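Below is one structure, written out as structure tokens; comments come after it.
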Amino acid sequence: MTAKIINGKEISEKILNEIKIKVENLDIKPTLAVISVGNNSASEIYVRNKENRAKEVGFNSIVKKLPEETSKDELLSTIEKLNQNPDINGILLQLPLPKHLNEKDFLDKISPIKDVDGFNTYNAGKLFKGETPYAIPCTPKGILKIFEEEKIELEGKTITVIGRSNIVGKPLSALLTMKNATVILAHSKTKNLKELSKISDIVIAAVGKSGFLKEDMIKEGAIVIDVGINRDNDGKITGDVDFDTIVKKASFITPVPKGVGPLTIAMLISNTYELYKIQKGLE
Ligand code: GUN
């Protein structure tokens with residue numbers, strides 16, 4: 001079997017275009033604020049992409065770039081000012097933070113109604129209870145969008161998610177469970193990963209290790225979603241999936257780049273727009 005290569009870029013362009021058209025009719029444009037602390041080179045690229053996409057759909061985009069040595073109080077005060085500013089609709093604190101700052105001290109300080117990432121306890125709690133949060137984390141939401149666009153039914157499917165991060169694995173496992181899938185949330189201490197992934201209809205790799213998921217870890221015709229964004233020594237971007245071999249065995253596969261990544265940004269834009277509407281009472 002040769003897998004269909006899912007074009008995440010195309011799906012994301014469609015979503016962004018729809019939002020752009022809606023924004024053209026708005027007198028006051030949605031505003032996204034991104035806080036970036038320190039000099040993480042990967043984060044700098046992500047933040048630039050987020051800023052560019054926001055501007056392309058007609059949003060105002062603000063980037064608060066803070067130095068590596070920013071103190072806890074300085075970062076808290078930056079967040080609070082953005083919370084209080086009625087012109088700001090979405091606030092994103094780019095992760096990871098420098099080592100001396102602990103993300104849990106800050107994520108809960110972002111007002112839940114401006115929390116575009118859906119990372120604070122209020123929104124994460126709502127998600128896990130099956131209630132409606134203000135925002136759902138962007139990468140898991142983007143992966144669900146891929147399934148929707150490709151008409152991939154989730155009910156009754158066995159899905160292995162590899163990686164239990166708060167950004168991807170945990171919220172994704174909650175969302176897939178709500179879609180009536182049977183979710184195996186595997187991680188670095190999982191002993192029999194290959195046995196689990198091999199019985200799965202869908203395997204989602206979010207481990208952060210280049211080429212981690214090998215062809216012998218999936219069954220024939222499995223659907224494979226690659227969340228990895230790794231940079232090899234030459235600066236080339238690679239995923240968590242051994243693409244060249246798995247593409248010959250899976251039924252669907254997302255490439256890296258142009259797979260899940262563009263959907264993550266499209267969902268960030270979509271979340272910002274949704275928060276704007278809630279704040280303006282347009283919902
Ligand atoms: N770092 C890597 N992915 C993300 C994300 O989705 N949101 C934030 N805030 N930081 C990240």
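Counting convention: from 1, in listed order, for ligands and their atoms alike. Values in this document were obtained by computation on a predicted structure and should not be read as measured data.
For atom 1 (N) of ligand 1, the closest non-hydrogen atom on the protein side is Leu95 O, 2.9 Å. Taking atom 4 (C) of ligand 1 as the reference point, the nearest protein heavy-atom neighbour is Ile167 CD1, 4.1 Å.
Contact annotation: the side chain of Asp226 never approaches that of Phe243 to less than 4.5 Å [non-hydrogen atoms, C-beta and beyond]. Using a 4.5 Å cut-off on side-chain heavy atoms (C-beta onward), Asn89 and Leu32 make no contact.
Distances below 4.0 Å separate heavy atoms of Leu92 from the following atoms of ligand 1: 9 (N). Close approach of ligand 1 to Leu93 is summarised as follows: ligand atoms under 4.0 Å from at least one heavy atom of the residue are 8 (C), 9 (N).
Aromatic rings from Tyr276 and Phe59 are positioned such that their centres are separated by 6.0 Å or more.
When each of Asp232, Thr238, Asp240, Asn230 is tested with Ser210 by the rule side-chain hydrogen bond (donor to acceptor under 3.5 Å, both in side chains), just one qualifies, namely Thr238.
By the criterion of a heavy-atom distance under 4.0 Å, neither the backbone nor the side chain of Leu268 is placed next to ligand 1.
Here the closest heavy-atom approach between residue Lys55 and residue Ser61 is recorded as CG-CB, 4.1 Å. Taking every heavy atom of both residues into account, Leu26 and Pro30 meet most closely at CD1-CD, 3.9 Å.
Comparing heavy-atom distances from atom 8 (C) of ligand 1 across Ile265, Val34, Asp117 singles out Asp117 as nearest.
Residue Phe119 places no N or O, backbone or side chain, under 3.5 Å from any N or O of ligand 1.
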